[in-house]
Amino acid sequence: MKKILETERLYLRELEETDLEAMCRVLQDAEVMYAYEHAFSDEEVREWLERQRKRYREDGFGLWAAVLRETDEMIGQCGLTMQDCLGRRVPEIGYLFEKAYWHQGYASEAAAGCRRYAFDVLELPEVYSIIREGNEASEKVAARNGMERTGSLVKHYYGMDMAHSVFCVKNMR
């Protein structure tokens with residue numbers, strides 16, 4: 001198990017094959033996945049896991065398992081991924097949590113940990129969050145993480161055009 005960072009209530013670590021069941025609880029819940037317009041199939045969950053593991057090898061980071069420190073239970077994912085944004089590849093803080101753990105501050109806590117990691121360890125000049133328009137909860141997480149809305153874009157996914165807001169915070173260190 002490769003632990004990446006710790007917060008007050010969570011630790012983030014690389015995803016492993018043994019995380020498939022916990023990943024299914026998140027990625028196969030239509031309400032959790034509303035920004036993607038569909039819950040994932042078993043095959044899509046496996047592809048998601050492999051994509052993260054490939055990111056670890058190629059970028060040195062990806063989405064990580066978000067695990068409760070108190071119980072060692074995986075409750076979601078949070079991390080950094082490289083995303084296309086207005087003609088550039090930028091590091092994005094992203095997260096998905098089980099519905100049972102929404103509105104308890106876990107996404108904000110994990111996202112803040114990822115921001116610190118991006119700035120203090122990776123020494124990135126800035127990080128982004130690209131959020132589907134109408135996702136007010138994620139916009140609030142971005143704001144709590146010191147991010148400001150800097151633009152918008154349209155992503156084409158699953159046969160649809162989806163409007164997104166772009167949030168960014170610069171490394172002031």
A.B. asks: Do Ile130 and Leu86 belong together in a cluster built from hydrophobic side chains that touch within less than 4.5 Å?
C.D. replies: yes
A.B. asks: Between Asp19 and Arg13, is the closest basic N to carboxylate O distance under 4.0 Å?
C.D. replies: yes
A.B. asks: Do the rings of Phe97 and Tyr106 sit parallel, tilted or perpendicular, given the 30° and 60° boundaries?
C.D. replies: parallel
A.B. asks: Judged by atom type as modelled, is there a donor-acceptor pair below 3.5 Å linking the side chain of His103 to the main-chain atoms of Tyr101?
C.D. replies: no
A.B. asks: Ion pair present between Arg46 and Glu17, side-chain N to carboxylate O less than 4.0 angstrom?
C.D. replies: no
A.B. asks: Applying side-chain contact (heavy atoms from CB on, under 4.5 Å), run through Ser129 and Asn145 and close with a yes or a no.
C.D. replies: CA-CA 10 Å; Ser129 282; Asn145 207 12; 5.8 Å; no
A.B. asks: Distance check, rounded to the nearest 0.5 Å: Asp84 atom CG versus Lys155 atom NZ?
C.D. replies: 8.5 Å
A.B. asks: Is the centre of the Tyr117 ring less than 6.0 Å from the centre of the Trp64 ring?
C.D. replies: yes
A.B. asks: Salt bridge check, Lys3 against Glu6: does any charged N sit closer than 4.0 Å to a carboxylate O?
C.D. replies: yes
A.B. asks: Is it possible for you to say whether Phe119 and Tyr128 belong to one hydrophobic cluster, with membership spreading through side-chain heavy-atom contacts below 4.5 Å?
C.D. replies: no
A.B. asks: Of Gln104, Arg9, Arg144, which is the lone residue that meets side-chain hydrogen bond (donor to acceptor under 3.5 Å, both in side chains) with Glu109?
C.D. replies: Arg9
A.B. asks: Would you give the length of the straight line joining atom CG of Leu27 to atom CD of Glu44, rounded to the nearest 0.5 angstrom?
C.D. replies: 9.5 Å
A.B. asks: Do Met162 and Phe167 share a hydrophobic cluster, counting only Ile, Leu, Val, Met, Phe, Trp and Tyr and linking them when any side-chain heavy atoms are less than 4.5 Å apart?
C.D. replies: yes
A.B. asks: Has Glu73 got more than 12 heavy atoms of other residues, nucleotides or ligands less than 6.0 Å from its CD?
C.D. replies: yes
A.B. asks: Can a salt bridge be assigned to the pair Arg88 and Glu126 using a cut-off of 4.0 Å between side-chain N and carboxylate O?
C.D. replies: yes
